[in-house]
Amino acid sequence: MAAQKSANRSGTTTYNDRPSARALGAFIFASRWLQAPIYVGLIVAQLVYVVVFVYDLIGLIGDDVITPMATGHHPNESTIMLAVLGLIDVAMIANLLIMVIVGGYETFVSKINLEQHPDQPEWLSHVNANVLKVKLAMAIIGISSIHLLKTFIEVSNMKDGVAPGIADGGHGNEITWEGAMWQVIIHIAFIFSALALAWIDRMQITADARMRVAEAEATKTQLEADVLENSLPEVHRDARPAAPVVSPDLHP
């Protein structure tokens, strides 16, 4: 116990060295590998999005471009724009999956050795939980922006407060003014959430920087004190003020 207290005073970290505590700690730390199948499942989900992207791309080329031109009609620009926005939406969701898979695995499961890999993402070199949350929030805002833009295109055909769907001769899904309003409100909520996450991350970075500056100043002060002490003669290094000597003759 005394050794542990002295270690704490010196600033070093002490651990419980009992075998049961070490075994329990190792078991708890190994439980992080339970997340590995989740990331493998997300890779499968990304493969599904690749299939959806190819299917939508074939539909864009065949149904929205080739078929109208074969019948002597000009392709509908709004329909093509909505189809392209759908492809961009799929691509942005795939990017979101990549950030979750690679960043989540790197942060919470195990390090990925990509130091010498030429295709290492720039953001992976400084990824942590806070950075990952901010990037995910920005990706969600981008996806929401695509959905909102598609809604604005569909609203251009609105009649009697309702935009017709594809089955009724419209370009996309049926939507109402109330539905469009709620999409705008949700999008604004996403923006404020991302701003709040970025602000919290900035506060933490500022606090960490101040702590590092304080540690650097303390180290500098200690080094200056050590240099001053070493510059003194040996006889003066441990000099202490002597206690006053009282003569026994002065006692009553």
Side-chain angles (χ1 to χ4, degrees), residues 38-39 41-104 119 121-124 127 131-198:
I38 297 176
Y39 296 113
L42 289 178
I43 295 175
V44 176
Q46 190 175 26
L47 178 61
V48 172
Y49 264 97
V50 172
V51 175
V52 171
F53 183 89
V54 173
Y55 180 81
D56 291 344
L57 182 61
I58 294 174
L60 169 63
I61 297 173
D63 299 337
D64 300 333
V65 178
I66 296 179
T67 300
M69 294 179 65
T71 57
H73 296 86
H74 189 275
N76 191 299
E77 294 181 2
S78 297
T79 304
I80 293 177
M81 186 181 298
L82 285 172
V84 172
L85 289 176
L87 295 177
I88 297 175
D89 186 22
V90 173
M92 295 189 71
I93 293 177
N95 293 338
L96 179 63
L97 284 171
I98 283 292
M99 282 192 291
V100 172
I101 294 169
V102 179
D119 297 329
E122 179 188 359
W123 55 270
L124 191 60
V127 68
V131 173
L132 189 61
K133 284 188 293 186
V134 174
K135 288 188 175 295
L136 291 180
M138 297 303 296
I140 291 173
I141 290 175
I143 295 171
S144 176
S145 301
I146 297 296
H147 282 270
L148 197 59
L149 183 57
K150 291 168 66 176
T151 298
F152 289 161
I153 296 174
E154 294 166 2
V155 166
S156 62
N157 297 321
M158 183 171 287
K159 296 179 181 179
D160 299 328
V162 178
I166 295 178
D168 299 324
H171 303 301
N173 299 323
E174 183 177 286
I175 190 170
T176 63
W177 280 116
E178 184 179 1
M181 180 191 68
W182 278 110
Q183 285 194 25
V184 172
I185 293 175
I186 293 172
H187 183 71
I188 294 174
F190 284 151
I191 293 175
F192 277 108
S193 298
L195 290 175
L197 288 173

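What you see below is based on every heavy atom in this structure, not just the backbone, and it leaves out hydrogens, waters and symmetry mates.
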* Of all residues at least two apart in sequence or in a different chain, which pass the side chain to side chain donor-acceptor pair (under 3.5 Å) check with His73? ->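 Partners of His73 under the side chain to side chain donor-acceptor pair (under 3.5 Å) test: Thr71.
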
Pair up each side-chain donor or acceptor in residues 81-96 with any protein partner under 3.5 Å, not counting sequence neighbours, and list the distances.
unit_1	atom_1	unit_2	atom_2	d
Asp89	OD2	His147	NE2	2.9
Asn95	ND2	Ala91	O	3.4

Please list every donor-acceptor pair under 3.5 Å in which a side-chain atom of residues 44-61 meets a protein atom from a residue at least two apart or in another chain.
none

* Asked: Looking at side-chain heavy atoms only, is the closest gap between Thr79 and Pro75 below 4.5 Å?
  ->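 Counting from C-beta outward, Thr79 and Pro75 never come under 4.5 Å.
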
* **Euclidean distance, Ile141 CD1 relative to Ile191 CD1, rounded to 0.5 Å** =>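 That separation rounds to 5.5 Å.
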
* Structure fact -> In this structure, CD1 of Ile143 is separated from CZ of Phe190 (nearest 0.5 Å) by 9.5 Å

* To do: Write out all pairs satisfying side-chain hydrogen bond (donor to acceptor under 3.5 Å, both in side chains) with one or both partners inside residues 183-197, taking only residues at least two apart or from two chains.
  => Ser144-His187, Thr151-Gln183

* To do: Specify the closest pair of heavy atoms between Thr67 and Gly62, including all atoms of both residues, with the distance to one decimal.
  =>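 In terms of heavy atoms, the two residues are closest at OG1-O, 2.7 Å.
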
